[in-house]
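This report concerns only the one structure given below.
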Amino acid sequence: MSFEIKYKDARGRVGTLKTPHGTIKTPALMPVIHPGKQTLQVADYGAEVVITNAYLIYKNEDLREIALNEGVHELIDFPGPIITDSGSFQLSVYGDVQVSNQEIIEFQEKIGTDIGTSLDIPTPPSVKRERAERELEITLQRAIESLEVRDELMLNSVVQGSTFPDLRSKCADALGEMDFQVHPIGAVVPLMESYRYKELVEVVMASVSHLPDSRPRHLMGAGHPMIFALAVAMGCDLFDSAAYILYAEADRLLMPNGTLKLENLYEMPCSCEVCTNYTPEQLRQMEKPERSKLLAIHNLRISFAEMRMIRQAIVEGSLWELVEQRCRAHPFLLEALRTLKNYSEDLEKYDPPYKKSAFFYTGPESLHRPEVYRHLKKMKQTPPKKSVLLLPRSGKPYSERLYDIPERFYRVIRQQESLDQLEDMQVTVVDVPFGVIPLELDQVYPLAQNESPDSYDEDSLKMVRNILSDYLEGFDQVIISEEVVEAFSLNKKYPLEEYHFPQPLNIVVNEQERIKMIADYQFGAGSGEGLFSGDVKIVKSRKTGKIRHVYDDEELIATLRASDGVFVLAREGARRLHRYLPYPKNRVVVNEDAEPFAREGKSIFAKFVINCDIDIHAKEEVLIVNEQDQLLAFGKSILNGREILDFNTGQAVKTRKGGF
Ligand code: GUN
Ligand code: ZN
């Protein structure tokens, strides 16, 4: 079995999972098949993988016989990958099961399941800590036992720990050390049933952040499409749905933003074959079995469509926008979305810094997206000049708009030297959601590739005021345009002194400074000097007038990518960056076997990587070196540093050029 990541967004991953019965795309939805009762062929509606219950098969003599003789794939008539659950859910509902952990593991192996599950204990939410700890111990012991009992069976091992984040993390750490293939996150059904989505976020984040990145995670019992996007953004790869049939039997239609009751329907809600071929009245008049089957088809169609939409959003980098939309479907989902702001540091490491999609501000929650967190962190690392001039936004790109300097009022809030040193002044635009944007960076993703409303809401104003008070700390002298003072209600905060520029100010961004600041922003403070020291020649696009290439005499150092305004290294750029950045910064270190391939410019597979800079993000320009830190090649990372180290399958870096 093997798992590979192809695309990333937020903590979400689009990948492939290879199993003995075929390869599936993730994130994936696995319809629950009730052995012996199933009438729908779920593969016809998009299922690539299903889940069924080994305990129900084990307990029923007829089913058991068929499964033992012909295999579980024959029994449920599904040729693709099958995951089986162990009876733990029955344990949690009925308090008891008539099977031991060892028996159910052996049974799953015998019936030929692709991935089996040990008999974990689904400790419910909000129990006493002692109980959660005690049951967690049993869950861990059974996980260990399942490894001893199995022969070749691939194994799930379920993260438990009730609503104690530290117990979830502890469990995840322990299981991650052992040889399991998939990690379900268990006992979340009661949270979802009672709309406790905030706690769901806490449980999932505590688990996922301690699980190995290289294994898929399954959010057990999550079958409502309303929470798929949020769960995927937190790093869940697999979902199972009994909901499609259970809701159908209760005359309910699943939708990506909630549930509809058939009895209330005046119109059918979607474009699936059921919704286009029947009216609500026709469905209401039908016999129950026929109606349930049709509603189940709608529920499957809607659920798979949502999963496709999520995978698409990851590939194009718009998963956050989708999550923000979905989380507006229920107040408690909105609360869950807001809870994610407590995980910015973690999410920032996984979220790729460069995306195909623009950043859309959809409400105050957008202020806490990892992109904003990352920008503010980067702003703290750039050494400020002595003085700063704050200007309002006036359409993007900011630096191409003329700032009508002399006719405006300005306010000086700090003055330690005379004001005639305006030459060396940092010009910074103040805007939502990124707060402060030095003019040199006005074309860098996502500072240029974002949209927000012209009128600012209270949360944004407050946030920008906080950002400003941090940012301005670094300057001896601050001049603020009156429009910024007004837009962000700064009057009270700063007792300001009125000021007029003595002469017209011509704000032109110095191109040499621009390329250095972009490089600092992209590769860390000082990198601009490392990359572009000496005589460098800037070549602009004839069509757009924007910087395209930077040369050292004849050799290309780097190209500024038009779509996101950051540098793509050329050979000389890689050489310079390698010389400048200390090991292991921005490096991916490959073993001897991979060295010739790297030098030839072949892409780097994760299994050849022996070390790397843990702080690398996906989609960054990285240096490929050997153990002696000799530069072999350079390229673009597909995974982040942690993932590169954890994975043994799939590509880690798409190599641009070798030949060193
Ligand atoms: N199905 C839903 N929740 C659970 C759980 O916690 N453990 C197992 N094994 N199956 C589940
Ligand atoms: Zn429909």
Side-chain angles (χ1 to χ4, degrees), residues 30 32 34 45-46 51-56 83-94 97 99 101 104-105 108 113 115-125 127 132 135-136 138-140 142-143 146 155-163 168 171 175 180 182-193 200 203-204 207 217-225 236 238-244 246-248 252-256 259-260 262 265 267-280 282-283 291 293-306:
M30 313 184 283
V32 175
H34 198 293
Y45 304 99
I51 183 164
T52 189
N53 194 305
Y55 178 62
L56 296 181
I83 293 186
T84 44
D85 201 353
S86 56
S88 293
F89 191 66
Q90 285 68 24
L91 176 68
S92 74
V93 177
Y94 307 111
V97 279
V99 73
N101 183 48
I104 201 69
I105 292 291
Q108 291 174 88
T113 189
I115 299 166
T117 310
S118 53
L119 197 63
D120 57 293
I121 302 195
T123 310
V127 298
E135 294 183 352
L136 182 55
I138 301 171
T139 292
L140 287 173
R142 288 181 180 174
S146 69
L155 282 172
N156 267 328
S157 72
V158 189
V159 179
Q160 298 290 354
S162 183
T163 30
R168 291 277 180 174
C171 182
L175 296 175
F180 294 108
V182 179
H183 290 290
I185 298 169
V188 293
V189 171
L191 291 176
M192 293 186 286
E193 279 175 350
L200 180 70
V203 161
V204 172
S207 306
R217 301 110 179 198
H218 168 192
L219 192 62
M220 272 193 151
H224 200 302
C236 298
L238 298 170
F239 298 84
D240 63 282
S241 176
Y244 78 96
L246 297 177
Y247 279 66
R252 284 163 181 255
L253 288 83
L254 298 174
M255 294 299 288
T259 309
L260 300 171
L262 179 62
L265 287 189
E267 294 286 0
M268 294 305 287
C270 89
S271 54
C272 79
E273 64 262 48
V274 178
C275 290
T276 47
N277 286 324
Y278 299 90
T279 65
Q282 283 171 330
L283 287 165
R291 181 169 71 238
K293 187 169 172 178
L294 289 170
L295 294 182
I297 291 170
H298 160 89
N299 288 343
L300 282 175
R301 288 286 191 209
I302 277 284
S303 302
F304 284 118
E306 180 69 358

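Keep in mind that the numbers below use all heavy atoms, side chains included, and drop hydrogens, waters and symmetry copies. Counting starts at 1 for both ligands and their atoms, in listed order.
Angle SG (C272) to the Zn ion (ligand 2) to SG (C275): 110°, rounded to 10°.
Taken from CG in L136 to CZ in R168, the straight-line distance is 9.0 Å, to the nearest 0.5 Å. Note that the CG atom of L254 and the CZ atom of R252 stand 10.0 Å from one another [nearest 0.5 Å].
Close approach of ligand 1 to G186 is summarised as follows: ligand atoms under 4.0 Å from at least one heavy atom of the residue are 5 (C), 6 (O). For ligand 1, the atoms lying closer than 4.0 Å to a non-hydrogen atom of S88 are 7 (N), 8 (C), 9 (N).
In this structure, the protein non-hydrogen atom closest to atom 10 (N) of ligand 1 is D85 OD2, 2.6 Å. Here the protein heavy atom with the shortest distance to atom 6 (O) of ligand 1 is A187 N, 2.8 Å. Among all protein heavy atoms, the one lying closest to atom 8 (C) of ligand 1 is M220 SD, 3.3 Å. For atom 2 (C) of ligand 1, the nearest non-hydrogen atom of the protein is F89 CD1, 3.4 Å.
For the residue pair S157/H183, the side-chain donor-acceptor check at 3.5 Å is satisfied.
Closest N/O/S atom of H298 to the Zn ion (ligand 2): ND1.
In the candidate list D120, T139, V158, T84, D120 is nearest to atom 7 (N) of ligand 1, counting heavy atoms.
No side-chain heavy atom of I302 sits less than 4.5 Å from a side-chain heavy atom of L253.
Across all non-hydrogen atoms, the minimal contact from V189 to M220 is CG2-O, 3.8 Å. Between E306 and P256 the shortest heavy-atom distance is OE1-CB, 3.6 Å. Here the closest heavy-atom approach between residue S86 and residue Q108 is recorded as CB-NE2, 4.3 Å.
Residue G221 places no N or O, backbone or side chain, under 3.5 Å from any N or O of ligand 1. Between Q160 and ligand 1, at least one N/O pair is under 3.5 Å apart.
Paired with D120 under the rule side-chain contact (heavy atoms from CB on, under 4.5 Å), one option of L91, N156, V158 passes, and it is V158.
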